[in-house]
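Inspection log for the structure reproduced underneath, given as structure tokens.
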Amino acid sequence: MFAAKTVLSEEIARLLGGRIGSVLQGEVTAGQGGTITLQDPATGLPMVDYADAGAEVARQAAAGAARAQREWMALSAAERGRRIWALGALVRRDAEALARLESANAGKPLRDCRAQVARVAEMAEYWAGWCDKIEGRTVPVPSGHTVIIRREPMGVVLAITPWNAPIFTCGWNVLPAIAAGNAVVLKPSEYTPLTSLAFGLLAVEAGLPRGLVQVVAGLGATSGEALLAAPEIAMVTFVGGAASASRIAAACAARMIPCVLELGGKSANIVFADADLPAAVQGAQQAIFASSGQSCVAGSRLLVQRSVHDRFVAMLAEASTKIRLGDPLDAATEVGPVATARQFAHVTQMVADGVAEGAELLAAPRAESLPSDGFWVMPSILSGLSNGARAAQTEIFGPVVAAIPFEEEAEAVALANATPYGLAGAVWTRDLGRAHRVAAGVRAGSFWVNGYGTIHVSVPFGGFGASGHGRSSGVEALAAYTQSKAVWVETAETPALGFGHRPG
């Protein structure tokens, strides 16, 4: 029934030339470390092995990226834009193969992978248009100078991306960085490196300098640590969990280099009694069950006004039984397994903890056709928890939502903010004034009104508090990937100097 291993082999042959290794200078380079085994999330069975890149390969990647960045900046801005656009065209050309590879590797439903590959092509087209529009300015100063403010690239950016959306976060982090004139060393999750490696090869085919997009396939403790220490790295972007982010931020602080951290959340999806409840039920499913809940913006806390709480939770539970679980490579599948054995253990433990804390567990029935040893978690609702419960405060990162009642608007906002995180949130109501008040009151980087989860490359994205800092898209990202230089040009016939003497 499940064909992931066969598909993986086919697409590795098609997109990677049959080999798994880091992409350095446009070539697949074998790792020098220990063996990493990729498992099929749907069955738990091993699919393919590859070697951890190791410290020496990581050092070579950083050095090669620095050389390529100088070559990249020697091109005109318009030419850089044309080549990034060409990269987007190649992603569109290979879209189906990339989607199949992603689905087989990560266990994501094929329909989701197809949509995310299309979004990467769109990102390339968007950022290609910015290459020749990164402008400086002049500042009038009270002296005889003309002051020119230039925006210059950071140099080499280390981008560390997660396993939940590999190709999407690859494009999300690489494309704005190279549009701003940088080179990128990409370190994808060791669990899901394959589509990122394919992207690195497409970058060379598109005409980007060899080494401008280096992809290091390996473990964080070996390859990742070596990259963090590489002197060529001038900036780090990280998408992932708070614990790893804290260590990365400390390493960046020790080296005095900036970092952008795009982390997790415990986002509140708020439903008022006056909402269109059937629409809000569908939105609640999208908020937490899409991508098996493996989304940083997942609406994992469902705050429902008490007068409709029980009815709404019953509606959600009934509707969720219609979700189609199955083979990720089947285009009809809506929810697949979680991606890794480690994540499966975490999610199932969190469900058990919620029940132990007094929650009623409402879950879609397990499909008999699903293998018992895969990483399958049924779409689940934990009803009856307090907002302070562990399952309501800890990021679960699976298809599990905690349903929590509230009385009035002020309590809803207070509950939404009663978490260290601040990534996203939503409100469902027909009261326009209330929608604006709640959107203003909830501390979150993205907030939706009568919808959930839409993001776009042109809109800034990032979090407050434990959800990270910095913005990784929109015009704001260009500020993150560049630095300002002030050039003072003396124009006075007789410069006014505050110290020193003329000769003679």
Side-chain angles (χ1 to χ4, degrees), residues 119 164-165 168-169 172 239 242 260-277 279-291 293-305 308-309 312 316 387 392-393 395-397 401-477 480:
R119 297 288 293 277
N164 63 308
F168 185 90
T169 53
W172 194 255
V239 183
V260 171
L261 305 176
E262 185 181 309
L263 311 180
K266 199 66 183 176
S267 301
N269 188 20
I270 305 168
V271 180
F272 283 90
D274 70 336
D276 179 340
L277 295 185
V281 165
Q282 186 172 358
Q285 292 172 74
Q286 175 169 315
I288 188 59
F289 299 144
S291 298
Q294 298 171 124
S295 169
C296 56
V297 299
S300 53
R301 288 185 300 149
L302 179 61
L303 309 184
V304 186
Q305 198 157 27
V308 296
H309 175 273
F312 187 87
L316 176 61
N387 191 63
Q393 287 293 310
E395 188 175 33
I396 298 176
F397 221 63
V401 64
I404 301 166
F406 69 87
E407 294 289 350
E408 300 297 339
E409 180 181 317
E411 184 186 8
V413 172
L415 287 170
N417 288 334
T419 170
Y421 297 104
L423 189 60
V427 63
W428 298 81
T429 179
R430 288 187 170 95
D431 184 331
L432 183 60
R434 170 186 284 158
H436 280 284
R437 290 192 301 271
V438 174
V442 175
R443 287 183 52 78
S446 296
F447 198 87
W448 299 279
V449 175
N450 295 330
Y452 203 97
T454 305
I455 63 173
H456 190 264
V457 63
S458 63
V459 178
F461 182 85
F464 295 179
S467 291
H469 56 75
R471 295 298 179 263
S472 55
S473 54
V475 179
E476 286 82 350

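Note that the structure is a prediction, hence the values are computed from the model and not measured.
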Crowded around R443 CZ? As in, over 12 foreign heavy atoms under 6.0 Å?
->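 At most 12 heavy atoms, drawn from other residues, nucleotides or ligands, come within 6.0 Å of this atom.
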Is the shortest heavy-atom distance from the side chain of [X] to the side chain of [Y] under 4.5 Å?
X    : Y    : answer
Q305 : E408 : yes
V271 : L277 : yes
I270 : V438 : yes

What are the two closest non-hydrogen atoms of [X] and [Y], and how far apart are they?
X    : Y    : result
G425 : A444 : N-CB, 4.3 Å
G422 : S467 : N-OG, 2.9 Å
A298 : S267 : O-CB, 3.5 Å
V442 : V413 : N-CG1, 4.3 Å
L263 : C296 : O-CB, 3.7 Å
P420 : Q393 : CD-OE1, 3.8 Å

Distance-only donor-acceptor pairs under 3.5 Å for side chains of residues 451-466, two or more places apart:
from : atom 1 : to   : atom 2 : distance (Å)
Y452 : OH     : V297 : O      : 2.6
Y452 : OH     : G299 : N      : 3.2
H456 : ND1    : S458 : N      : 3.1
H456 : ND1    : S458 : OG     : 2.7
H456 : NE2    : E122 : OE2    : 3.1

Report the residues that fulfil ring-ring contact (aromatic ring centres under 6.0 Å, His included) with F312, sequence neighbours left out, ordered by chain and then residue number.
->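 None.
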Who passes ring-ring contact (aromatic ring centres under 6.0 Å, His included) against F168, sequence neighbours left out?
->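 By the ring-ring contact (aromatic ring centres under 6.0 Å, His included) rule, F168 matches W172.
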From CD (Q286) to OG (S291), nearest 0.5 Å |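 Going from the CD atom of Q286 to the OG atom of S291 covers 9.5 Å.
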Working to the nearest 0.5 Å, report the span between CD of E395 and CG of L423.
->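 Separation between the atoms: 8.5 Å.
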For [X], enumerate each residue passing the side-chain contact (heavy atoms from CB on, under 4.5 Å) test, keeping only those at least two apart in sequence or located in another chain.
X    : answer
E411 : F406, E407, L415
S300 : K266, I288
A439 : F447
A410 : none

With [X], which residues qualify under side chain to side chain donor-acceptor pair (under 3.5 Å), at least two apart?
X    : value
T429 : D274
N269 : W428
Q294 : none
N387 : R301

Quick one: salt bridge (charged side-chain N to carboxylate O under 4.0 Å, His left out) partners of E409, sequence neighbours excluded?
->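 Salt bridge (charged side-chain N to carboxylate O under 4.0 Å, His left out) check on E409 returns R434, R437.
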CA sep, side-chain torsions, deciding dist, call: H469, V260, side chain to side chain contact (heavy atoms under 4.5 Å, CB included) = CA-CA 6 Å; H469 56 75; V260 171; 5.8 Å; no
List the steps and the verdict of side chain to side chain contact (heavy atoms under 4.5 Å, CB included) for V304 and F272.
-> CA-CA 6 Å; V304 186; F272 283 90; over 6 Å; no
Taking N450 for the side chain and A435 for the main chain, is one N or O donor matched with an acceptor at less than 3.5 Å?
->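 Between the backbone of A435 and the side chain of N450 there is no qualifying donor-acceptor contact (under 3.5 Å).
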Within the side chain of R430, is there an N or O that forms a donor-acceptor pair under 3.5 Å with the backbone of A275?
->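 Yes; at least one donor-acceptor contact below 3.5 Å.
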